[in-house]
There are 2 protein chains.
Amino acid sequence: MVSKLDTKTRILDAAESLFAEHGFSDTSLRLITTRASVNLASVNYHFGSKKELIQAVIARHLELFMPLLNEKLTALCAQAEKPSVLDVFNSFVDPLLALEQQSKNGTVIFMQLLGRSYTDQQGHLRWYITTHYGEVLANITKALLKANPALSSQELFWRLHFTLGTAVFTMGSSGALMDIAKADFNQDIDVEGLIRKVIPYLASGMNTSTETTSM
Amino acid sequence: MVSKLDTKTRILDAAESLFAEHGFSDTSLRLITTRASVNLASVNYHFGSKKELIQAVIARHLELFMPLLNEKLTALCAQAEKPSVLDVFNSFVDPLLALEQQSKNGTVIFMQLLGRSYTDQQGHLRWYITTHYGEVLANITKALLKANPALSSQELFWRLHFTLGTAVFTMGSSGALMDIAKADFNQDIDVEGLIRKVIPYLASGMNTSTETTSM
DNA sequence: GTAATTTTAAAACGTTCGTTTAAAAAGGGT
DNA sequence: ACCCTTTTTAAACGAACGTTTTAAAATTAC
């Protein structure tokens, strides 16, 4: 069934890095197959179309990330004492870093793909995630509500998307940001360092006192 | 010099909405010129190339937004009493809403273009902004440091980009988010409402207590 | 070992893209 | 009216795209 190194896997590996770097439509199948050292037609043979290849690339990351995250979240929800919002967001660290092992720069690529999928078309990926990983999403809100019961479901909705925006943008452009940080004030920081830097920011935002917001 | 309604302007109007909707490379010149009811070749005649058209679209928004923002920020920096971070971020409201008058959905389009420009290629727009509007950027940090003197320039750098990510993502996908809010809990909110909702979140993040973050 | 199936390979398909060309139309100055 | 410049138009260009086709090669099954 599998040879030395699967053609399918080689295509996925090449595609995911190129998609993250140049975007979906700016990455041609010829570029992907050249980097993967496979024949052009093999993409259509193994995946059917370019669109299905895109879905497969994203699905492979989600299949690793989501179960790991869900494990952490259910543990947090099951424990007796009340977690902090910081605890909830810290649950994302290990699953995100696990992506780094699946492929080089896996964490960054995952976030870039997430961001691109969210903006490149309307709701396509959003629908995929909610239908395939609705339980995980429910556990995210459950854990956050346990950590901050004062949040209305509406406020939680908005702040979750604010959180997503920060995370996607920060991690997605992390390469450029880390370069600037190095050039401007000689700060060396890696992906894990950046994740740990953004999490307190996200927790603060999630804990914004509601008295200053209207409605 | 100008006719009833400039061909150049018609192209810019059509291009900016299509760019925001479909992205730069997924928007063809034929689609733009058809919507603008002008000849295909007029884009190359008036702008030179598609790339220069993209720059012109973004520049038109920046030329309106940046001076307005700078006015607010310099006023804030000139006043005697210390502003809050909330005050600084509130300075963005009017300039953002001014874009709404220049073109329909101007605010959202501006943020979408900002986000796409930041992710579609590395540093191209970033360089343009820093060279053309470096003074405004300097005033942003100046105002924020006045509001929160405890911030190190490094922390400010990171939090500013966290802020940018939240704003770009939130406003860029505001259409979808407002639709979901309407469907899920019948919440009607417009662009100004969304801006005013995200600002306290951003201020909280910017004011994150540094004792929990490690260097 | 041979037959059936799966995978790879090269070539071509038709379409769409950004851009260029060359001529027609419109505008402005005197 | 005339010339000169600017703008618009229609048509075509070459390149790159995703996909399909057809046959060879490799793998599997018996």
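Numbers restart at 1 for each chain; the letters A, B, ... are given by sequence-line order, proteins then strands. These numbers come from a predicted model, not from an experiment.
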**Report entry** Residue list, ring-ring contact (aromatic ring centres under 6.0 Å, His included) with Tyr45(A), at least two apart or on another chain
**Finding:** none
Requested in this report: Measure from CG on Leu29(B) to P on dA12(D) and round the result to the nearest Å.
Outcome: 20 Å
Query raised in the report: For residues Ser17(A) and Arg35(A), is any side-chain donor paired with an opposing acceptor at under 3.5 Å?
Result: yes
Requested in this report: Find the distance Ile11(B):CD1 to dT19(C):P and express it as a whole number of Å.
Outcome: 13 Å
Query raised in the report: Under 3.5 Å, is there a donor-acceptor pair between the Glu155(A) and Ser152(A) side chains?
Result: no
**Report entry** N or O in side chain of Ser28(A) less than 4.0 angstrom from dC17(D) OP1/OP2
**Finding:** yes
Report task. Calculate the interatomic distance between Phe24(B) atom CZ and dC17(C) atom C1'; express it in whole Å. Result -> 18 Å
Query raised in the report: How about Ser204(B) and Ser204(A): does a side-chain donor come under 3.5 Å of a side-chain acceptor?
Result: no
Requested in this report: Find the distance Lys51(A):NZ to dT19(D):C1' and express it as a whole number of Å.
Outcome: 15 Å
Report task. Quickly work out the Leu31(A) CG to dG18(D) C1' distance and round it to whole Å. Result -> 14 Å
Query - Asn90(B) (side chain) donor-acceptor with Leu86(B) (main chain) under 3.5 angstrom - result: yes
Query raised in the report: What is the distance, rounded to the nearest whole Å, between atom CG of Leu53(A) and atom C1' of dT19(D)?
Result: 14 Å
Report task. Determine, using ring centers only, whether Tyr128(A) and His132(A) are less than 6.0 Å apart. Result -> yes
Query raised in the report: Given atom CG of Leu18(A) and atom C1' of dG18(D), what is their separation to the nearest angstrom?
Result: 16 Å
**Report entry** Interatomic distance where CZ belongs to Arg30(A) and P belongs to dA11(C) [whole Å]
**Finding:** 13 Å
Report task. Search all heavy atoms of Ala14(A) against all heavy atoms of Ala36(A) and return the closest pair with its distance. Result -> CB-CB, 3.8 Å
Report task. Rounded to 10°, tell me the angle between the two end axes of the helix from dG1(C)-dC30(D) to dG28(C)-dC3(D), each built from five pairs. Result -> 10°
Report task. Under 4.0 Å from any atom of DNA chain D, heavy atoms only: list the residues of residues 34-50 of chain A that qualify, in numerical order. Result -> Leu40(A), Ala41(A), Asn44(A), Ser49(A), Lys50(A)
Query - Ionic contact status for Asp13(B) with Arg60(B), cut-off 4.0 Å - result: yes
Report task. Indicate, with a heavy-atom threshold strictly under 4.0 Å, whether Thr27(A) touches base, sugar-phosphate, or nothing. Result -> sugar-phosphate
Query raised in the report: Under 3.5 Å, side chain of Ser91(A) to main-chain N/O of Val88(A), donor-acceptor pair present?
Result: yes
